Colleague: 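Quick one: this structure, given as structure tokens, is what I'll be asking you about.
All figures in this text were calculated on a predicted structure; none of them were measured in a lab. Chain letters run A, B, ... following the sequence lines, proteins first and then strands; every chain starts at 1.
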Amino acid sequence: MQLAVNIVVLAAIYALISCGYVLIYRVSRVLNLAHGELMLVGAYLLYSTASLLGGNPLTAVAMAAVLGLLVGVLVYVLLMRRMTGEMVLAAVLCTIALGVMLRGATVLIWSAQVRHPMEALGWSNPSLVLFGDARISLISAILIGATAVVYAALFGFLGFTRWGIRMRAAGQNPLLASQRGIQLHGVYALAWGLSTFTAGLAGMLISLDSSLDGTMTMIGLKAFPAALVGGLDSLAGALIGSAIIAIAEVLLIQFVNPLLSDVVPFFVLLAVLVIRPWGLFGSKEELDRV
Amino acid sequence: MNRWKMIAALAALSFTAAPWAQDAYVVGLSGAVTGPNADTYAPGVESVRLYIDQLNKRGGVNGKPVRLIVGDNQGEPSKAAADAKKFITQDNAVLLANVSISSTYGPMVAEAKRARVPLLFAGGACPAEVLPPNPDELQFCSIGPAMKYDAEMALRFIKEQSREPVKLGLVAMAIPLSRAGIDYAESLAPTFGITPVAKEQIPPPTPDYTPYASKLKGADPNWVYSWGPWITEVKTFEALRKLGWTGRYIAAALNPAEDELARVKDELFYGFGPNAMFLENLPVHQEMRDAARGAKLTYPITQMTEGWVAGMVIEQTLKKVAWPPTPEKVLAAIGTLKVDTKGLRGGPIEWSKTNHFGSKQHYRVYRWDAKKQAVVRVQDWVTVDVK
Amino acid sequence: MPNASGYFRTSLDQDLVLLDTRTQKVSCAVFCALLLFVPFVAKPLFIDIANQVFLAAIGALALMLVTGFAGQISLGHAGLLAAGAFTAGILFKEFAAPIWVTLPASACIGAVFGLIFGLPSLRLRGLYLAVSTLGLHFIVVYLGGEYETRRGFSTGIPLDPPSIGGWSLDNGRAWYFVLLAFAAGATLFSINLLRSKTGRAWRALRSNETVAEALGVHVAGHKLLAFVISSAMTSIAGCLFAYYRSFVSVEAFSLFLSIQYVAMVIIGGLGSILGALLGAVFVVLLPYIVEWVTAILPLTASISGLIFAINHTVFGVVMVLFLLFEPRGLVGIWQRLQNYFLLWPFRQTPLSSER
């Protein structure tokens, strides 16, 4: 029973992280390798607002979330906007450089010390006993809920709202979309904002559940195979991919060798890609050249 | 015809590096000040800095200042190698120091050997090469934790504390040194009548420790021994508690332990280590606090003990080196060093030809006390012989 | 070579010459002489940096072949370097093998890994290919880590300096010449390879696979060949790295190293040998330059590690700015500079001729 709970929690973590990769890739075909760093920034923002507004934890969380969104929009406006139309690889490298910069900047601002946003908020993280004597920490439960809400909202947004449809259009054919009067820059900025928002949310929840330090960036990278297994431009794929990777990882830890848990997601990924080169749910694309 | 720019850039660089006039004892320290492991090592670097600054304010050593040159290796071995090379060839360092992850030891040792400059490990964990009976002639270690004696001490403590038979769980971070430490403890446990029931090696970036903890809990240990970076130790413990595990947990008390024991507030979470915590309020602790007051520190003073001890070792070594210093003189001085740690450790640090670590290891054990609402000492210095 | 006034070659022999004008010959000779002269006057630190540049250049050239010319993205470069380094380390530790055994062995292992790394490229493209090579990187590093732990080299595998015919390579200057020779060899090899049938097949592949196939290029074979050659070169670089630094450990071959190599080829300029060399110089030098600049700025008063965080940040900022303002790479700057002088006093090419 505990095993199932562990799988669901890990899958929710990966899903919440990987939807950010998917959003940006789907809209602008750019792979954002600074995603882990943006998670880190989101978590540190929460730490800062929590320290500032000690008495109002909810306000602090809301403010951090809004700031996260803002950071994403800023990243696009100041940086990625200029990379539109350049080589895809150059744009990807630009996100890597952004990541290096953010990593330095977080040490500069918050130092490398391990932080505990939970304490700053003044909350506690009790563990809930579920059926079958399985346990889950409150924050993990919230994380699962948040992932569900985020995915439901994103599906609704992309499927039914005006901006969501614009976003999909821009992703499908930017030229045609802009000729039909869609503000490409606005759409891209929104995608970056949303993606950073979800990244920040993931960062906050993970850091609330354990603690906050520089290794968060590597967690962002660990969710990467999940996004790819499902197909980089499919939200449903990210969800399923996260589930597959989480199942593989938890079962390996439990029954085989925990040391393999770093390597096996990539084995799964290779296996899937060899059978379906565009991921399970991804759409076939024309990305022939570098 | 192509590449003029490259030449210009290279030439510019080579000329800017003018030689320093040798007016100080130069110590080169390579540490993980930024990068993913910085939380463990940056405080150590800062405290060595703080100590040397204080030392220079007091007038330095033998009337000369000590110049501490710090390089940031970000926990990357190649950067540590480049740092060491720079310290030796550019800065003419007479002593090298390392405050970083164990994988940066190899390259620094290689550079130190090439130039025959002594190397002091001042943060992290001691490599096997400093231990008796045949230590490497250039490597020295002022760090408290050492895998063999830590394991011995922890197992002895567990045995003394428990009347019932002990089923021991073991936790390591999946890095070579930590894994070796846990493997050693596993092999040693039966000699204490302790049965190891589970061993977890947890990769450093882990989004959720629960899967590891639930496997550990599945083996139903009543004690868990953890030896590795603090993050792995404490996060695994917290995950175990969230799963409803009620056993006792003992972990090597590394830099952040004092604050962390107070944060976790669990009476069955023991931290053991060779350093006296600040709750002891020794005169030397006051001295450290005073020093910190003047300087703008990034990290809390409670994490600075290891670095402070390293600072003492550097001072005492250089004191025995007559001006002008050379690596050979420093090597001769450091090889027979005896440093009074003013109570920060259970005894002096003593090095000899056959031992570059210390002939005795002393440990104290601490835990949280709910009644007093403070971290308390559970056990005073216990001595483990270094053989 | 672009010449402002025209294209004067009239026979195949003339086209085969690497340096055809006198200016080129002279400047190349001067450049070589300078390179050979430098280690006798430069500081040891400078020689160390130069050696790092040479090592990086071999790797960057290898990556340029597979990414810049054959068009196959690889993020597994650090894995291949690790493969070469571990081959050397393991052979040295287990069999006390000398360098003339380990170096070819590294190349062979590299070639084998290249074949494996290249297999996904038969089905995958673009970023998906990049990520599958990334997966292989993790696998190589995992194997290396297991070896280290199992054999008790918890702080890395130490290596003795290699000796060739009783002459031990243990100082920076000796290494300088060895590495320079390897880097120069790799450069010449790459240039000539690209002028051969293989090189032309790669370019065709990169432009359009279907067309390449229609032209009679064996697509699968040439993709694999690109990976094999590139990986063998990279492994040689890895082996040299291990000997130069006298140690091997998995942590030296992190994902960040792969990214650095990708940065070299992109910052240098994709599809150019000169680009790979310039990129290697740039990426190796940048941290030193940043450090040097921040050291003369009045920031050093702080006791804490603030300065290092600043260095780290500035490194990222410089890379971002560079990519924003010169996404075509250093070669783009170089070509503009060259054109400026070639065309002077005009500002534009009368006939746009692509090289």
Colleague: For Asp290(B), enumerate each residue passing the side chain to side chain contact (heavy atoms under 4.5 Å, CB included) test, keeping only those at least two apart in sequence or located in another chain.
Modeller: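 Partners of Asp290(B) by the side chain to side chain contact (heavy atoms under 4.5 Å, CB included) criterion, ordered by chain and then number, come out as Gln286(B), Arg293(B).
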
Colleague: Quick check on Phe256(C) against chain B: is it the side chain, the backbone, both or neither that has a heavy atom closer than 4.5 Å?
Modeller: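 It is the side chain, since no backbone atom gets that close.
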
Colleague: Relative to chain B, which segment of Glu251(C) carries a heavy atom at a distance below 4.5 Å: side chain, backbone, both, or neither?
Modeller: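 Backbone plus side chain of Glu251(C), per the 4.5 Å heavy-atom cut-off to chain B.
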
Colleague: Pick from Gly106(B), Ser78(B), Ser103(B), Pro107(B): which one has the most heavy-atom pairs with chain C under 4.5 Å?
Modeller: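 If we count pairs closer than 4.5 Å to chain C, Pro107(B) comes out on top.
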
Colleague: Which atoms of Ala82(B) are under 4.5 Å from chain C, going by heavy atoms: the side chain, the backbone, both sets, or neither?
Modeller: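 For Ala82(B), the contact with chain C is made by backbone and side chain together.
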
Colleague: Could you tell me whether a side-chain N or O of Ser47(B) sits under 3.5 Å from a main-chain N or O of Gly44(B), the two making a donor and an acceptor?
Modeller: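 Indeed, once roles are kept as given, a pair shorter than 3.5 Å links the two residues.
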
Colleague: What part of Phe282(C) lies closer than 4.5 angstrom to a heavy atom of chain B: side chain, backbone, both or neither?
Modeller: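 No part of Phe282(C) comes within 4.5 Å of chain B.
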
Colleague: Tyr176(C) and Phe54(C): aromatic ring centres closer than 6.0 Å?
Modeller: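 Yes, the ring centres sit under 6.0 Å apart.
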
Colleague: Please examine the side chains of Met108(B) and Ser30(B), heavy atoms only from C-beta on, and report whether any two atoms are closer than 4.5 Å.
Modeller: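 A side-chain contact exists here, since the closest heavy-atom pair is under 4.5 Å.
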
Colleague: Mind ranking Gly156(C), Ser246(C), Pro158(C) by heavy-atom pairs under 4.5 Å with chain B and telling me who comes out on top?
Modeller: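 Counting heavy-atom pairs under 4.5 Å, the top option is Ser246(C).
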
Colleague: At a 4.5 Å cut-off on heavy atoms, which part of Ala81(B) comes close to chain C: side chain, backbone, both, or neither?
Modeller: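 For Ala81(B), the contact with chain C is made by backbone and side chain together.
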
Colleague: Could you check, using the six-membered ring where one of them is a Trp, whether Phe140(B) and Phe121(B) have ring centers closer than 6.0 angstrom?
Modeller: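 No.
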
Colleague: With a 4.5 angstrom heavy-atom cut-off, is it the side chain or the backbone of Lys86(B) that approaches chain C, or both, or neither?
Modeller: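 Both backbone and side chain.
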
Colleague: Taking the six-membered ring for Trp, are the ring centroids of Phe357(B) and Tyr149(B) within less than 6.0 Å of each other?
Modeller: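 Yes, ring centres under 6.0 Å apart.
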
Colleague: For the pair Thr104(B) and Glu76(B), evaluate side-chain hydrogen bond (donor to acceptor under 3.5 Å, both in side chains) and give the outcome as yes or no after the intermediate values.
Modeller: CA-CA 6 Å; Thr104(B) 62; Glu76(B) 285 177 32; over 6 Å; no

Colleague: Top residue by heavy-atom pair count (under 4.5 Å) with chain C, among Asp72(B), Val70(B), Val45(B)?
Modeller: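 The residue among Asp72(B), Val70(B), Val45(B) with the greatest pair count is Asp72(B).
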
Colleague: Do you know which of Glu148(C), Glu291(C), Glu146(C), Lys25(C) has the most heavy-atom pairs under 4.5 Å to chain B?
Modeller: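 Max contact count across the listed options: Glu146(C).
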
Colleague: Less than 4.5 Å to any heavy atom of chain C: does that hold for the side chain of Val109(B), its backbone, both, or neither?
Modeller: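 Contact with chain C is absent: no heavy atom of Val109(B) under 4.5 Å.
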
Colleague: Is it the case that the ring center of Phe253(C) lies less than 6.0 angstrom away from the ring center of Phe241(C)?
Modeller: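 When the ring centroids of Phe241(C) and Phe253(C) are compared, they turn out to be within the sub-6.0 Å range.
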
